[in-house]
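Before any comments, here is the structure.
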2 protein chains.
Amino acid sequence: MKTFSISEAAKQLNLTIYTLRYYDKEGLLPFVERTASGTRLFKESDIESLKVIECLKTTGMPIKEIKNFISWCSEGDTTLKQRYDMFLERKAAVEAQMEELKRTMEVIEHKCLYYKTALDAGTEDVHKNNKIGSNFASTY
Amino acid sequence: MKTFSISEAAKQLNLTIYTLRYYDKEGLLPFVERTASGTRLFKESDIESLKVIECLKTTGMPIKEIKNFISWCSEGDTTLKQRYDMFLERKAAVEAQMEELKRTMEVIEHKCLYYKTALDAGTEDVHKNNKIGSNFASTY
DNA sequence: GCTTGACCTAGAGTTAACTCTAGGGAATAA
DNA sequence: TTATTCCCTAGAGTTAACTCTAGGTCAAGC
């Protein structure tokens with residue numbers, strides 16, 4: 001079976017070797033096997049597992065909680081409910097983040113428009129008498 | 001003109017008074033005025049400016065860069081281009097974040113499905129022979 | 001006049017997630 | 001066989017963004 005060194009795995013995942021060792025130290029990578037002399041061997045499936053870990057990180061999950069999930073995985077079917085609930089929670093978290101980003105985008109787009117107009121006019125003063133949308137016409 | 005104390009402003013913005021003082025210390029709030037004895041007075045427009053600051057933070061912008069933007073604002077029309085470019089950059093950053101969240105959501109939803117099926121069956125073994133979508137059928 | 005509670009500053013402490021260094025071992029190339 | 005280049009661990013250092021403490025000021029109510 002094909003395996004990868006830590007630096008190959010790091011490159012594939014866009015992480016540093018420091019980060020991978022840190023994850024291992026924190027208990028996130030109990031599945032990564034070693035050679036007799038202690039060198040880590042990353043299997044294809046380990047890379048996939050790491051992608052799931054990165055995915056959980058993107059949802060805003062702290063490493064200690066990801067470690068809990070990894071532990072549940074090695075405890076077998078008795079933890080299926082916990083794991084299911086965890087993913088439902090993550091789903092809700094991502095939905096909330098998407099909503100927040102949408103609101104953020106609206107403000108940013110208003111600002112882009114505000115500065116485009118000001119730049120075309122050569123001065124911010126064009127917005128001085130603008131009452132409608134004055135929330136976005138403030139200096140800051 | 002109606003003003004708010006630091007604790008009232010904090011409540012409105014869902015921040016702590018520590019955070020607001022920290023922002024001030026970092027140079028994010030040069031517009032907040034003080035009483036003769038040094039107490040901060042938050043105007044309605046200051047609250048609005050802080051909402052923009054929070055918005056920029058949501059886009060992933062570090063406080064030091066937000067401080068640059070705030071400085072540009074007090075330098076007048078000569079910095080209009082910088083500020084416009086900054087918001088265009090922020091827009092691109094938010095778009096990238098949205099894309100990443102979408103990809104994340106797909107993985108999470110697959111996982112939800114995976115665990116729902118396993119939970120209904122009472123065991124993860126139901127996925128053992130599943131070749132299609134095996135990326136999501138891994139233990140981790 | 002005195003207590004209470006909110007405000008202030010300076011600066012120390014915390015937390016998460018890395019990031020790096022020192023010191024050492026194994027394998028490969030010349 | 002020696003140099004190079006990877007790998008390893010333990011543990012120290014870094015960074016961002018708070019978060020809190022100590023010690024003090026000030027204004028309102030009793």
Side-chain angles (χ1 to χ4, degrees), chain A residues 2-43 46-47 50-70 90 93 97 100 104, chain B residues 2-43 46-47 50-70 90 93 97 100 104:
Chain A
K2 166 112 219 247
T3 58
F4 305 94
S5 70
I6 194 167
S7 53
E8 286 168 334
K11 187 171 279 182
Q12 276 194 66
L13 292 157
N14 252 310
L15 297 172
T16 68
I17 53 169
Y18 304 129
T19 304
L20 284 174
R21 290 205 191 108
Y22 166 68
Y23 285 180
D24 201 2
K25 213 188 285 190
E26 292 299 305
L28 260 53
L29 313 179
F31 45 79
V32 174
E33 286 169 27
R34 309 273 191 131
T35 63
S37 60
T39 298
R40 272 171 276 247
L41 294 177
F42 290 79
K43 299 181 292 298
D46 296 346
I47 306 282
L50 267 153
K51 283 181 188 166
V52 174
I53 287 171
E54 286 308 288
C55 169
L56 289 174
K57 262 170 40 70
T58 302
T59 74
M61 202 170 178
I63 277 167
K64 279 183 186 170
E65 280 176 44
I66 299 179
K67 183 205 155 95
N68 288 342
F69 165 65
I70 298 290
R90 287 300 97 201
Q97 279 179 66
E100 186 173 28
T104 298
Chain B
K2 169 111 220 245
T3 60
F4 305 95
S5 71
I6 194 167
S7 54
E8 285 167 336
K11 187 172 281 181
Q12 276 194 65
L13 292 157
N14 252 312
L15 298 171
T16 67
I17 52 169
Y18 303 129
T19 303
L20 284 176
R21 291 205 189 107
Y22 166 68
Y23 285 179
D24 202 2
K25 213 188 286 190
E26 292 298 305
L28 260 53
L29 313 180
F31 45 78
V32 174
E33 287 170 25
R34 308 275 190 129
T35 62
S37 60
T39 298
R40 274 171 275 248
L41 293 177
F42 291 79
K43 299 181 292 296
D46 298 346
I47 305 284
L50 269 155
K51 282 182 188 166
V52 173
I53 288 171
E54 286 308 288
C55 169
L56 289 173
K57 263 170 38 71
T58 302
T59 74
M61 201 172 179
I63 276 167
K64 279 182 187 171
E65 280 177 43
I66 299 179
K67 184 203 154 96
N68 289 342
F69 164 66
I70 297 290
R90 286 301 96 202
Q97 280 180 63
E100 186 173 29
T104 298

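Everything numeric in this text was worked out from a predicted model, so none of it was measured. In what follows, chains carry the letters A, B, and so on, assigned in the order in which the sequence lines appear, proteins first and then strands, with residues in each chain numbered from 1.
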Exercise for the section: Using atom CD of B/E33 as one end and atom C1' of C/dC8 as the other, report the distance to the nearest whole Å. Expected result: 18 Å
Handout entry: Counterpart residues, side-chain hydrogen bond (donor to acceptor under 3.5 Å, both in side chains), relative to B/T3 (two or more places apart)
Key = none
Problem - Contacts of type side-chain hydrogen bond (donor to acceptor under 3.5 Å, both in side chains), residue B/T35, not counting sequence neighbours - result: B/S37
Problem - side-chain hydrogen bond (donor to acceptor under 3.5 Å, both in side chains) against B/T59, all qualifying residues, sequence neighbours excluded - result: B/R90
Practice task
For A/E100, check salt bridge (Lys or Arg N to Asp or Glu O under 4.0 Å) against everything at least two apart and list the hits.
Solution key: none
Practice task
Quick one: pull up CD1 in A/I63 and CD1 in A/I53 and give me the separation to the nearest 0.5 Å.
Solution key: 9.0 Å
Problem - Rounded distance (nearest 0.5 Å) linking atom OG1 of A/T19 with atom CD1 of A/I17 - result: 9.5 Å
Practice task
Quick one: which residue pairs count as a salt bridge (Lys or Arg N to Asp or Glu O under 4.0 Å) with a foot in residues 57-68 of chain A, not counting sequence neighbours?
Solution key: none
Which protein N or O atoms sit under 3.5 Å from an N or O of nucleotides 4-10 of chain D?
residue: D/dC7; atom: OP1; partner: A/S5; partner atom: OG; Å: 3.2
residue: D/dC7; atom: OP1; partner: A/S7; partner atom: N; Å: 3.3
residue: D/dC7; atom: OP1; partner: A/S7; partner atom: OG; Å: 2.8
residue: D/dC8; atom: OP1; partner: A/R40; partner atom: N; Å: 3.0
residue: D/dC8; atom: OP1; partner: A/R40; partner atom: NE; Å: 2.9
residue: D/dC8; atom: OP2; partner: A/R21; partner atom: NE; Å: 3.0
residue: D/dC8; atom: OP2; partner: A/R21; partner atom: NH2; Å: 2.9
residue: D/dC8; atom: O3'; partner: A/R34; partner atom: NH1; Å: 3.3
residue: D/dT9; atom: OP1; partner: A/R34; partner atom: NH1; Å: 2.9
residue: D/dT9; atom: OP1; partner: A/R34; partner atom: NH2; Å: 2.9
residue: D/dT9; atom: OP2; partner: A/R40; partner atom: NH2; Å: 2.6

Handout entry: Axial bend angle, the helix from C/dG1-D/dC30 to C/dA30-D/dT1: five-pair end segments, nearest 10°
Key = 10°
Practice task
Send over the distance from B/L41 CG to D/dC26 P, rounded to a whole Å.
Solution key: 15 Å
Practice task
List in chain and number order the residues that pass side-chain hydrogen bond (donor to acceptor under 3.5 Å, both in side chains) with A/S7, two or more places apart in sequence or in another chain; answer none if no residue qualifies.
Solution key: A/S5
Distances under 3.5 Å between protein N/O atoms and the N/O atoms of nucleotides 16-18 of chain C, please, pair by pair.
residue: C/dA17; atom: OP2; partner: A/I63; partner atom: N; Å: 3.3
residue: C/dC18; atom: OP2; partner: A/Y23; partner atom: OH; Å: 3.2
residue: C/dC18; atom: OP2; partner: A/K57; partner atom: NZ; Å: 3.0

Problem - Which residues share a salt bridge (Lys or Arg N to Asp or Glu O under 4.0 Å) with B/K51, sequence neighbours left out - result: B/E48
Identify every side-chain donor-acceptor pair in residues 21-32 of chain A under 3.5 Å, counting partners at least two apart or on other chains, and give the distances.
residue: A/Y23; atom: OH; partner: A/E54; partner atom: OE2; Å: 3.1
residue: A/D24; atom: OD2; partner: A/R34; partner atom: NH2; Å: 3.3
residue: A/D24; atom: OD2; partner: A/R40; partner atom: NH1; Å: 2.5

